[in-house]
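Notes follow once the structure below has been shown.
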Amino acid sequence: MGEPINPESLPEPRGFSYAFSAEGSRIIHFAGHTSLDGEGQIVGPSDMVVQFDQVLMNLSLTAREASVELADIVKMTLFVTDAEAYKSKASEIGKIYRRHFGEHYPAMTLVEISRLWDPAAMIEIEAVGVVD
């Protein structure tokens, strides 16, 4: 479906690809997903790791509804309210990521922002998928 593009002249990426090549006939744009549960409540208030896991579960549910796999995602943008909190939990977050995505690493950007729509949300992820 696609392949990562990681120039040897740049530092080896960890947990992302510098670019991702994809071909397909259908593009899926995922809205920003937070850690909302089925009742519309943020799961894991003040816990970046719990929120990250719920966000990926929500992305997975949306992907399934769109008849795509998480491996079809070619670009992700992660918005966090505290980049240091995210980085301090990188090992735990990485394990959760691999549980959902395996070794698939699309192009990714992490952006720190002052707050999200729901003030209890610490992370929001939007994505783009490409399928045949």
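For this chain, numbers begin at 1 and follow the sequence in order. As a basis for the values below, the full set of heavy atoms in this structure was taken, side chains included, without hydrogen atoms, waters or symmetry mates. Keep in mind that what you see is a predicted model, and the values were worked out from it rather than measured.
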Name the atoms and distances for all side-chain donor-acceptor pairs under 3.5 Å in residues 60-71, with sequence neighbours left out.
unit_1 : atom_1 : unit_2 : atom_2 : d
Thr62  : OG1    : His33  : NE2    : 2.8
Thr62  : OG1    : Asn58  : O      : 3.1

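In the hydrophobic clustering of ILVMFWY residues, with side-chain heavy atoms under 4.5 Å counting as a link, Tyr97 and Val50 come out apart. Cluster membership check: Ile96 shares its hydrophobic cluster with Ile73, using side-chain heavy-atom separations under 4.5 Å among Ile, Leu, Val, Met, Phe, Trp and Tyr. Grouping the Ile, Leu, Val, Met, Phe, Trp and Tyr side chains by contacts below 4.5 angstrom, directly or via other members, places Met48 apart from Leu36. Under the 4.5 Å side-chain contact rule for hydrophobic residues, Ile113 and Tyr86 do not share a cluster. Hydrophobic clustering of Ile, Leu, Val, Met, Phe, Trp and Tyr side chains at less than 4.5 Å, counting indirect connections, unites Leu59 with Ile93.
The two atoms that bring Glu124 and Gly32 nearest to each other are OE2-CA, 3.3 Å, heavy atoms only. Taking every heavy atom of both residues into account, Ala19 and Ala107 meet most closely at CA-CB, 4.1 Å. When all heavy atoms of Phe101 and Met76 are compared, the closest pair comes out as CZ-SD, 3.6 Å.
Side-chain atoms of Tyr105 and Arg98, non-hydrogen and from C-beta on, do get closer than 4.5 Å to each other. Side chains of Met122 and Asp47 form no contact here, defined as non-hydrogen atoms less than 4.5 Å apart. By the 4.5 Å heavy-atom criterion applied to side chains, His100 and Met57 are counted as neighbours. Side-chain contact check for Glu112 versus Thr81: every heavy-atom pair is 4.5 Å or farther apart.
Counting only distance, with no hydrogens or angles, the side chain of Gln51 and the backbone of Ile42 share no donor-acceptor pair below 3.5 Å. Ser35 places a side-chain N or O within 3.5 Å of a backbone atom of Val43 that can act as its donor or acceptor partner.
For the atom pair CG (Asn6) and CD (Glu8), the distance works out to 10.0 Å, reported to the nearest 0.5 Å.
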Using the rule given for side chain to side chain contact (heavy atoms under 4.5 Å, CB included), can you reason through Asp53 versus Arg99, listing the C-alpha separation, both sets of side-chain angles and the distance that settles it, and then say yes or no? CA-CA 9 Å; Asp53 190 29; Arg99 185 166 34 100; 3.1 Å; yes
Apply salt bridge (Lys or Arg N to Asp or Glu O under 4.0 Å) to Lys95 and Glu92, showing your working. CA-CA 5 Å; Lys95 289 175 186 171; Glu92 293 171 73; over 6 Å; no
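Taking the six-membered ring for Trp and the full ring otherwise, the centers of His104 and Phe20 sit less than 6.0 Å from each other.
The aromatic rings of Phe16 and Tyr18 lie perpendicular to each other, with more than 60° between the two planes, well past the 30° mark.
Of the listed residues (Leu56, Thr34, Leu110), just one forms a side-chain contact (heavy atoms from CB on, under 4.5 Å) with Ile125, and that residue is Leu56.
Residue-environment remark: CZ (Arg14) stays at or below the threshold of 12 foreign heavy atoms within 6.0 Å.
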